[in-house]
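Structure first, then comments.
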Amino acid sequence: MAMYIRVKRNRTTYFLQCDPTETILQIKEKLYNLVDQPVNDQRLILMPAGDVLEDSKSLADQKVENDAVVALTLRKDDNEFEDVNIVRATDFYQSRDSEGGANW
């Protein structure tokens, strides 16, 4: 049974078709083709809970459901992983009320 997950990093979202039986390592291998970062330098985090997904376990084992949002972080030069940084649509605009603003 096919499903999709949304992998987000900064301002980019990757939509991946996958199967609930696929392991996180297999998902990282798919991402390698997109982000050109080795699987050992990738970390996937299930949002909004913030649970780090384990390479050896399947999506189903870790309760990753269809249309789940997963954050991608990459290993930095100091061998630590970067913080989760996902830009939300609301970061691009402010409500009209807060600006007192434009009627459009």
Side-chain angles (χ1 to χ4, degrees):
M1 176 182 169
M3 62 183 271
Y4 289 88
I5 60 171
R6 291 181 281 167
V7 180
K8 295 184 171 234
R9 180 171 184 270
N10 299 329
R11 294 182 175 165
T12 305
T13 301
Y14 303 98
F15 292 87
L16 295 182
Q17 182 177 2
C18 46
D19 189 276
T21 60
E22 286 184 73
T23 65
I24 298 308
L25 184 59
Q26 290 171 309
I27 301 300
K28 288 181 176 181
E29 288 168 352
K30 289 181 180 183
L31 284 167
Y32 171 73
N33 294 319
L34 299 169
V35 299
D36 197 32
Q37 291 289 323
V39 296
N40 291 336
D41 291 344
Q42 300 175 33
R43 181 171 63 179
L44 296 177
I45 302 167
L46 183 61
M47 303 304 291
D51 298 329
V52 175
L53 300 175
E54 296 179 38
D55 287 354
S56 61
K57 292 185 178 178
S58 73
L59 293 167
D61 291 341
Q62 298 180 87
K63 309 283 189 276
V64 179
E65 298 178 354
N66 187 47
D67 202 31
V69 174
V70 177
L72 168 65
T73 62
L74 302 176
R75 191 179 306 275
K76 300 183 295 186
D77 291 337
D78 62 2
N79 214 28
E80 295 293 319
F81 282 96
E82 63 193 7
D83 292 332
V84 172
N85 182 14
I86 298 175
V87 177
R88 298 177 308 244
T90 56
D91 295 338
F92 290 106
Y93 64 90
Q94 295 179 349
S95 77
R96 293 184 304 206
D97 297 335
S98 67
E99 291 286 311
N103 236 352
W104 44 286

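Gln62 places a side-chain N or O within donor-acceptor distance of the main-chain N or O of Glu54, the cut-off being under 3.5 Å. Using modelled atom types, no side-chain atom of Lys28 and backbone atom of Asp41 make a donor-acceptor pair closer than 3.5 Å. The backbone N or O of Gln42 sits nowhere less than 3.5 Å from a side-chain atom of Gln37 that would complete a donor-acceptor pair. With hydrogens and angles ignored, the 3.5 Å screen pairs no side-chain donor or acceptor of Asp19 with any backbone N or O of Ala2. At distances below 3.5 Å, at least one donor-acceptor pair connects side-chain atoms of Arg75 with backbone N or O atoms of Asn40.
Between Asp61 atom CG and Thr23 atom OG1 the span is 10.0 Å, to the nearest 0.5 Å. To the nearest 0.5 angstrom, Arg43 atom CZ is 4.0 Å from Thr73 atom OG1. Between atom CD of residue Glu82 and atom CG of residue Asn10 there is a gap of 6.5 Å, rounded to the nearest 0.5 Å. Note that the CG atom of Leu74 and the CZ atom of Arg9 stand 4.0 Å from one another [nearest 0.5 Å]. Here CG of Leu53 is found 10.5 Å from OG of Ser58. Values are rounded to the nearest 0.5 Å. In this structure, NZ on Lys30 lies 8.0 Å from CD1 on Ile5, to the nearest 0.5 angstrom.
With a 4.5 Å cut-off on side-chain heavy atoms, Tyr4 and Asn66 count as touching. The closest side-chain heavy-atom distance from Leu34 to Leu16 is below 4.5 Å. Two residues are said to be in side-chain contact when any heavy atoms from C-beta on lie closer than 4.5 Å; Leu44 and Leu31 meet this criterion. Side-chain atoms of Ile24 and Lys57, non-hydrogen and from C-beta on, never get closer than 4.5 Å to each other.
By the neighbour-count criterion of 12 heavy atoms within 6.0 Å, atom CG of Asp78 is densely surrounded, having more than that number from other residues, nucleotides or ligands. For Glu65, the CD atom sits in a loose shell: 12 or fewer heavy atoms of surrounding residues, nucleotides or ligands are nearer than 6.0 Å. Applying the 6.0 Å contact sphere to NZ of Lys76 captures more than 12 heavy atoms from other residues, nucleotides or ligands.
Cluster annotation: Val35 and Phe81 are assigned to distinct hydrophobic clusters (Ile/Leu/Val/Met/Phe/Trp/Tyr, side-chain heavy-atom contacts under 4.5 Å, transitive). Hydrophobic clustering (side-chain heavy atoms under 4.5 Å, transitive across Ile, Leu, Val, Met, Phe, Trp, Tyr) keeps Ile27 apart from Val84. By the rule that hydrophobic residues join a cluster once side-chain heavy atoms approach within less than 4.5 Å of another member, Ile45 and Tyr14 end up as members of separate clusters.
Summarising the geometry of Lys8 relative to Val69, their closest heavy-atom pair is CD-CG1, 3.8 Å, with the distance given to 0.1 Å.
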